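One structure is given here, and the rest of the page talks about it.
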Protein chains: 2
Amino acid sequence: MVTSEPHTLQEGIEQAGHRLTYPRQAILDLVAQHPDGFTAEEVCAQLPQVGRATVYRTVKLLLDLGLVCKMTGPDGAPRYTLSVAGHHHHTLCVRCGAAADFQRCTVDLILQTLRAETAGVILGHRMEVYVLCPRCLEQEETTSSGSPT
Amino acid sequence: MVTSEPHTLQEGIEQAGHRLTYPRQAILDLVAQHPDGFTAEEVCAQLPQVGRATVYRTVKLLLDLGLVCKMTGPDGAPRYTLSVAGHHHHTLCVRCGAAADFQRCTVDLILQTLRAETAGVILGHRMEVYVLCPRCLEQEETTSSGSPT
DNA sequence: ACCGTGGTTGATACTCCGTCTCAATAATGC
DNA sequence: GCATTATTGAGACGGAGTATCAACCACGGT
Ligand SMILES: [Zn+2]
Ligand SMILES: [Zn+2]
Ligand SMILES: [Zn+2]
Ligand SMILES: [Zn+2]
């Protein structure tokens, strides 16, 4: 079992037969430091030495390799986060964007019902739960009671 | 019960105190003819006499009034469809874009679990089911068995 | 019917996000 | 070290939506 489940982004890239170049390494490092998720533009901003095209390409590569997940904010803004194994979805903080996984996907129940009702074929689904994360919630409360401008 | 539940887009617009102008009327008519859903650009294309800005503004207006729903395709492309009363979601054909409602949203079950687990606050959710609609499914089968190029 | 007010329009410029192009560059195998 | 090939990055490009702003039109008051 040499080339099984990659445990790091680097491994994933190399196992897929892609070169681990400097720009990629930089992006991977940055991404790994943001378990809460990130946007492509955030990466661009923090790595001015790396070209925008390369950032987008690398994110897409990670996406194709299943190493990161693509999420959609309330306004449709795309956001990415490190992927975990297995079927899962995310909660997304509407304020800071922090993402968290949740595995329990009882969507299957809904799909079963749908499958029985529709003559078409179900291919997949998307689900996102929008939250105010504990940290932002706390801030919100502090602000509203503290300094009522 | 004079100004209750609007039954047409026109009524909805007027009840909200907005003028029912010609451009709007044209957009509303077109939208009403596309129960399967539509994109803003489709409307633009079919109504060259109406400015793009107006199309986008009107769609946004309908959205704000809750008369249409905004969906997100697998690739993130926005699409709109006439709204129905009550909490619901949509199935979206990945091929032709046709949208259909489904009311049964057992997402609540998931949310209950999440609520118990998280210290944050759940504000909302998004869910879309991607399908190959009956019509497209049929075509697919016909094509693959009929002309194997 | 006329006028004034304010909502509405639409051409255009602009922003944002992401992709494409293509010559220069870096990694790899020999 | 050299050829081969993947990768890079500056900049052009494209699609989607918004901002601007002068012209316009619907409507209420007279
Ligand atoms: Zn937060
Ligand atoms: Zn699921
Ligand atoms: Zn279809
Ligand atoms: Zn729901």
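Keep in mind that what you see is a predicted model, and the values were worked out from it rather than measured. Proteins come first, then strands; the chains are lettered A, B, ... in the order of their sequence lines, and each starts at number 1.
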Under 4.0 Å protein heavy-atom contacts per nucleotide of nucleotides 16-30 of chain C, with B for base, S for backbone only and - for none: -SBBBB-----BS--
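- The hydrophobic cluster of A/Val84 has no other members, since no ILVMFWY side-chain heavy atom comes under 4.5 Å of it.
- A/Glu41 and A/Tyr56 are linked by a side-chain donor-acceptor pair at a separation below 3.5 angstrom, with hydrogens and angles left out of the test.
- The footprint of chain A on DNA chain D, defined by a heavy-atom cutoff below 4.0 Å, extends from D/dT5 to D/dA10.
- Note on residues 107-138 of chain B: pairs passing ring pair (Phe, Tyr, Trp, His ring centres under 6.0 Å), not counting sequence neighbours, are B/His87-B/His125, B/His89-B/His125.
- Using a 4.5 Å cut-off between side-chain heavy atoms of Ile, Leu, Val, Met, Phe, Trp and Tyr, B/Tyr22 forms no hydrophobic cluster with any other residue.
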Run the numbers on B/Arg135 and B/Asp36 for salt bridge (Lys or Arg N to Asp or Glu O under 4.0 Å), then give the verdict. CA-CA 12 Å; B/Arg135 202 159 3 120; B/Asp36 273 359; 3.4 Å; yes
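- Between the side chain of B/Arg95 and the main chain of B/Leu137, no donor-acceptor pair closer than 3.5 Å is present.
- For B/Arg24, the salt bridge (Lys or Arg N to Asp or Glu O under 4.0 Å) test picks out no residue, with sequence neighbours left out.
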